[in-house]
Structure formats: C-alpha cells, structure tokens
Amino acid sequence: QKNLQDNRMGFYVQLEGFKELDEALVALKQYATQDQVSRNVLAKAAKEAMMPVYYSAVENARYNAQNTSKPHMRDRIKVDGRKPWTSDYDSSFVKREDAAIGVVSVPRNAVSLANEFGTAKMSAQSFIRSSLYPNIDEILVLLRSSLRIWINGYTDKMSAKARRKK
C-alpha cells in the first residue's frame, strides 16, 4: 500500500496491490533486465494509463479557430511513456526510484506557459494539470489493467523465446 499526496491541489490517492505487482515483476526478471522491463512493460502501461489526461487536455486547451497559419496548441499536446530523464526529477511527481513515467506535455513556450499558469495580464486556463486530477481514478484502473496485459504478454513472449533457445 502506498499513498500519493499533492497538498497544492488537495490531491490524495491510496494505492494497493503492490505485492502482486512485485511478484509479477520478480518472475519477469528471469527473462529480462530491469531496463527491458522498464521500456517494454512499465513505460507502455504508463502511456496507456495517461490517455484520459491526454484527451482531456486536448479538449481543454485554448483554441482559436480563426488562426489557420500555424498549428494550434492542442495539436501539439503529446502523451508518452518512458524512463525518466534527468530533467524529470525537477518535478515533485517524479522520484529517483521511478522505473517509468507517463507524461502528457506540450512544447514549452510562452503561449503554453501563459495558458497553464497565467501571467500578470492573463488568468491561467490550466489544461494539463486540470486534466490530471479529475481522471486519477480512471488512470489507476487503466494502469492496473495495462500492467496486467503488458506483464503477461511480455512474460509469454520472453518465456517462448527462452524455450526456443533450448
């Protein structure tokens, strides 16, 4: 059981089921390295789990229909699952022991930052952070099912590969 908390946004989640996850990952160690598991299982499951945040962010991003000359901000929102980069550790959400993370992002520029956080002349219209918190329950359900699918699939794939080698 683990607890996640973000006091800035009144966010608290209690997670359970880590014993089963731990057992499945230990079983997978006989076929793959930690790096392979991070890239081929955990990162893919994290990306799938973050899809509700992605869709919500696209829906919530400001959009100017009269601007036809360049891509809109909502067209540049991306979702990714990956091993954390060094710069990711600057976030209070990413810990050194994280093997993989799910990320919804937009290129960092004056427009996206002004929209997400506001300026002295413009109030914030958060589209990424406001997409995360309401979707926490769905993210956790998707993460659980995605982990089960990816762990079982990768275990089957690697065990079949090991049997062929014999």
Side-chain angles (χ1 to χ4, degrees), residues 1-18 20-21 24-25 37-154:
Q1 180 174 328
K2 296 188 182 206
N3 298 319
L4 300 175
Q5 190 167 352
D6 181 351
N7 294 327
R8 296 168 296 183
M9 298 289 283
F11 168 92
Y12 179 83
V13 177
Q14 185 175 343
L15 303 173
E16 298 174 348
F18 284 94
E20 295 86 0
L21 176 60
L25 292 175
V37 172
S38 293
R39 281 184 287 112
N40 296 308
V41 174
L42 302 177
K44 291 178 180 182
K47 180 178 180 177
E48 286 179 5
M50 293 300 286
M51 291 308 292
V53 178
Y54 167 78
Y55 292 126
S56 180
V58 168
E59 186 177 308
N60 293 333
R62 285 187 176 173
Y63 174 76
N64 180 354
Q66 296 169 349
N67 178 3
T68 58
S69 64
K70 55 186 173 181
H72 295 279
M73 184 172 52
R74 72 176 187 187
D75 300 328
R76 301 181 76 194
I77 298 172
K78 296 194 180 340
V79 63
D80 193 19
R82 58 180 165 75
K83 290 176 61 177
W85 299 335
T86 303
S87 60
D88 292 326
Y89 297 117
D90 294 340
S91 168
S92 62
F93 294 105
V94 181
K95 308 291 181 248
R96 293 276 173 202
E97 60 270 11
D98 290 345
I101 58 174
V103 178
V104 175
S105 64
V106 66
R108 186 185 295 184
N109 59 39
V111 173
S112 64
L113 291 172
N115 276 278
E116 186 69 19
F117 301 105
T119 67
K121 296 180 180 181
M122 181 178 99
S123 63
Q125 184 178 345
S126 173
F127 58 99
I128 294 179
R129 290 174 299 145
S130 64
S131 297
L132 174 65
Y133 298 108
N135 286 300
I136 288 294
D137 291 335
E138 188 176 356
I139 292 167
L140 295 175
V141 168
L142 284 171
L143 182 60
R144 182 182 198 144
S145 65
S146 293
L147 282 170
R148 183 176 291 118
I149 291 166
W150 283 104
I151 288 171
N152 290 340
Y154 198 66

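We use all heavy atoms of the structure for the numbers below, so side chains are in, but hydrogens, waters and symmetry mates are not.
Looking at residues two or more places apart in sequence or on another chain, you find a side-chain contact (heavy atoms from CB on, under 4.5 Å) between Tyr89 and Pro84, Val94, Arg96. Remark: Asp88 pairs with Arg82 by the side chain to side chain donor-acceptor pair (under 3.5 Å) rule, at least two apart or across chains. Qualifying side-chain contact (heavy atoms from CB on, under 4.5 Å) partners for Ser131, counting only residues two or more places apart in sequence or in other chains: Val53, Ser56, Ala57, Asn60. Residues passing the side chain to side chain donor-acceptor pair (under 3.5 Å) test with Ser145: none are found, sequence neighbours excluded. Among residues two or more places apart in sequence or in another chain, the salt bridge (Lys or Arg N to Asp or Glu O under 4.0 Å) test is passed with Lys78 by none. For Tyr54, the side chain to side chain donor-acceptor pair (under 3.5 Å) test picks out no residue, with sequence neighbours left out. With sequence neighbours excluded, the residues forming a side chain to side chain donor-acceptor pair (under 3.5 Å) with Asn115 are Arg62, listed by chain and number. For Glu116, the side-chain contact (heavy atoms from CB on, under 4.5 Å) partners two or more places apart in sequence, or in a different chain, are Ser126, Phe127, Ile128, Arg129. Residues passing the side-chain contact (heavy atoms from CB on, under 4.5 Å) test with Ala124: none are found, sequence neighbours excluded.
Judged by distance alone, with hydrogens and angles left aside, the side-chain atoms of Lys121 form no donor-acceptor pair with the main-chain N or O of Gly118 at under 3.5 Å.
Across every non-hydrogen atom of Glu48 and Ser146, the tightest pair is OE1-OG, 2.8 Å. Here the closest non-hydrogen pair linking Pro52 and Asn135 is O-ND2, 3.8 Å.
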Would you list the atom pairs, donor with acceptor, under 3.5 Å between side chains in residues 40-47 and any protein atom, with sequence neighbours excluded?
| residue | atom | partner | partner atom | Å |
| --- | --- | --- | --- | --- |
| Asn40 | ND2 | Gln36 | O | 3.1 |
| Asn40 | ND2 | Tyr154 | OH | 3.2 |

Side-chain donor/acceptor pairs under 3.5 Å, residues 99-112, sequence neighbours excluded:
| residue | atom | partner | partner atom | Å |
| --- | --- | --- | --- | --- |
| Asn109 | OD1 | Val111 | N | 3.0 |
| Asn109 | OD1 | Ser112 | N | 2.8 |
| Asn109 | OD1 | Ser112 | OG | 3.3 |
| Ser112 | OG | Pro107 | O | 2.9 |
| Ser112 | OG | Asn109 | N | 3.2 |
| Ser112 | OG | Asn109 | O | 3.2 |

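The distance from the CG atom of Leu142 to the CD1 atom of Ile139 is 8.5 Å, given to the nearest 0.5 Å.
The neighbour count for Gln125 CD, taken as heavy atoms of other residues, nucleotides or ligands under 6.0 Å away, is above 12.
Applying the salt bridge (Lys or Arg N to Asp or Glu O under 4.0 Å) test to pairs two or more places apart or on separate chains, none has a residue in residues 49-58.
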